[in-house]
Amino acid sequence: MIAICEEYIYRGVLVPLSLKLTNNKLFISVLISSIGFAFAHIVNFEHGSFLMILSQIILAFGTGMLFGTLYLKSKNLSLVIILHFLSDLPLLASGGSATTLTNSQTYSLLMIVVVISLIACLISLVQLHGFKKKLAQHFI
């Protein structure tokens, strides 16, 4: 249910709203949606260490960029919901428990997540650059 709710809110509602507010600036709209999606994960701070939850927030931002871009290009919220569900499967399979990492491992994980999120932003920027803004009208 989380994938359905989050995708409906952050891609289905926030992306079209952001398109209206930004005069169809695709990348900015996806950026706004992704920031909202990332900050929604702040509530997890009571369930884990600061660096682990920070990694989760940064990764949520990066996946939000990819999901938002895919949503704009495919016009298919169901596809994004399925991908979100699949990306949550490892956590669901583990029962939500994370293994204990050393500080060194946690910092390494944080750096990997930052790099992955930067790559996701770059992919989003490249994919949306020059994408016909008329297609954005579909969402408004």
Side-chain angles (χ1 to χ4, degrees):
M1 289 299 292
I2 291 173
I4 295 169
C5 294
E6 287 182 342
E7 291 310 317
Y8 179 77
I9 292 167
Y10 294 102
R11 261 54 81 186
V13 174
L14 198 52
V15 166
L17 180 62
S18 297
L19 285 169
K20 282 184 183 179
L21 294 173
T22 63
N23 197 25
N24 291 334
K25 290 184 174 41
L26 302 176
F27 183 77
I28 300 299
S29 298
V30 171
L31 187 66
I32 290 168
S33 169
S34 299
I35 290 170
F37 182 58
F39 281 118
H41 291 80
I42 285 177
V43 298
N44 294 332
F45 272 120
E46 65 184 61
H47 302 294
S49 72
F50 175 79
L51 290 177
M52 287 300 292
I53 304 306
L54 181 61
S55 295
Q56 183 184 32
I57 290 168
I58 293 169
L59 191 58
F61 172 77
T63 56
M65 292 296 293
L66 292 176
F67 290 164
T69 299
L70 181 61
Y71 175 58
L72 283 177
K73 293 200 82 166
S74 71
K75 301 179 209 151
N76 187 341
L77 190 59
S78 297
L79 175 63
V80 180
I81 289 170
I82 290 167
L83 289 174
H84 186 149
F85 175 77
L86 290 173
S87 71
D88 286 347
L89 271 181
L91 183 62
L92 292 172
S94 72
S97 65
T99 59
T100 305
L101 301 176
T102 65
N103 279 343
S104 175
Q105 290 170 323
T106 304
Y107 282 114
S108 296
L109 175 66
L110 181 60
M111 291 300 108
I112 291 167
V113 165
V114 167
V115 169
I116 289 170
S117 294
L118 288 173
I119 291 169
C121 288
L122 182 61
I123 290 169
S124 180
L125 184 62
V126 168
Q127 288 295 310
L128 293 174
H129 181 73
F131 190 56
K132 296 187 181 196
K133 293 193 180 199
K134 288 181 186 176
L135 293 176
Q137 295 297 328
H138 170 78
F139 296 97
I140 297 179

May I ask whether [X] and [Y] are part of the same hydrophobic cluster, defined by side-chain heavy atoms of I, L, V, M, F, W, Y residues being less than 4.5 angstrom apart, directly or through others?
{"X": "Leu59", "Y": "Leu118", "answer": "yes"}
{"X": "Ile2", "Y": "Ile4", "answer": "no"}
{"X": "Leu72", "Y": "Leu122", "answer": "no"}
{"X": "Phe61", "Y": "Val13", "answer": "yes"}

Taking Val114's backbone N and O only, do any of them form a donor-acceptor pair with Ser117's side chain (distance below 3.5 Å, no angle check)? no
Distance-only, no hydrogens or angles: does the Ser124 side chain make a donor-acceptor pair with backbone N or O of Ala120 under 3.5 Å? no
Between Ile53 and Gln56, does the side chain to side chain contact (heavy atoms under 4.5 Å, CB included) criterion hold? Intermediate values first, please. CA-CA 5 Å; Ile53 304 306; Gln56 183 184 32; 3.9 Å; yes
Would you name the heavy atoms of Met65 and Ser34 that are closest together and state the gap between them? N-OG, 3.0 Å
Nearest non-hydrogen partners of Ile57 and Ala38, listed with the distance: O-CB, 3.4 Å
Quick check for you: to the nearest 0.5 Å, what is the distance between Cys5 atom SG and Ile81 atom CD1? 9.0 Å
So, do Thr102 and Gln105 sit near enough that their side-chain heavy atoms are less than 4.5 Å apart? yes
Evaluate the criterion side chain to side chain contact (heavy atoms under 4.5 Å, CB included) for residue pair Tyr10 and Val15; output intermediate values, then yes/no. CA-CA 7 Å; Tyr10 294 102; Val15 166; over 6 Å; no
Residue set satisfying ring-ring contact (aromatic ring centres under 6.0 Å, His included) with His41, at least two apart, ordered chain then number -> Phe37
To which residues is Ile123 joined in a hydrophobic cluster, defined by side-chain heavy-atom contacts under 4.5 Å among Ile, Leu, Val, Met, Phe, Trp and Tyr, whether direct or through other members? Leu66, Val115, Ile119
Quick one: list whatever passes side-chain hydrogen bond (donor to acceptor under 3.5 Å, both in side chains) with Thr22, sequence neighbours left out. Ser29
Quick one: are the ring centres of Phe67 and His84 less than 6.0 Å apart? yes
Going through the checks in order, is the side chain to side chain contact (heavy atoms under 4.5 Å, CB included) test met by Glu7 and Leu83? CA-CA 10 Å; Glu7 291 310 317; Leu83 289 174; over 6 Å; no
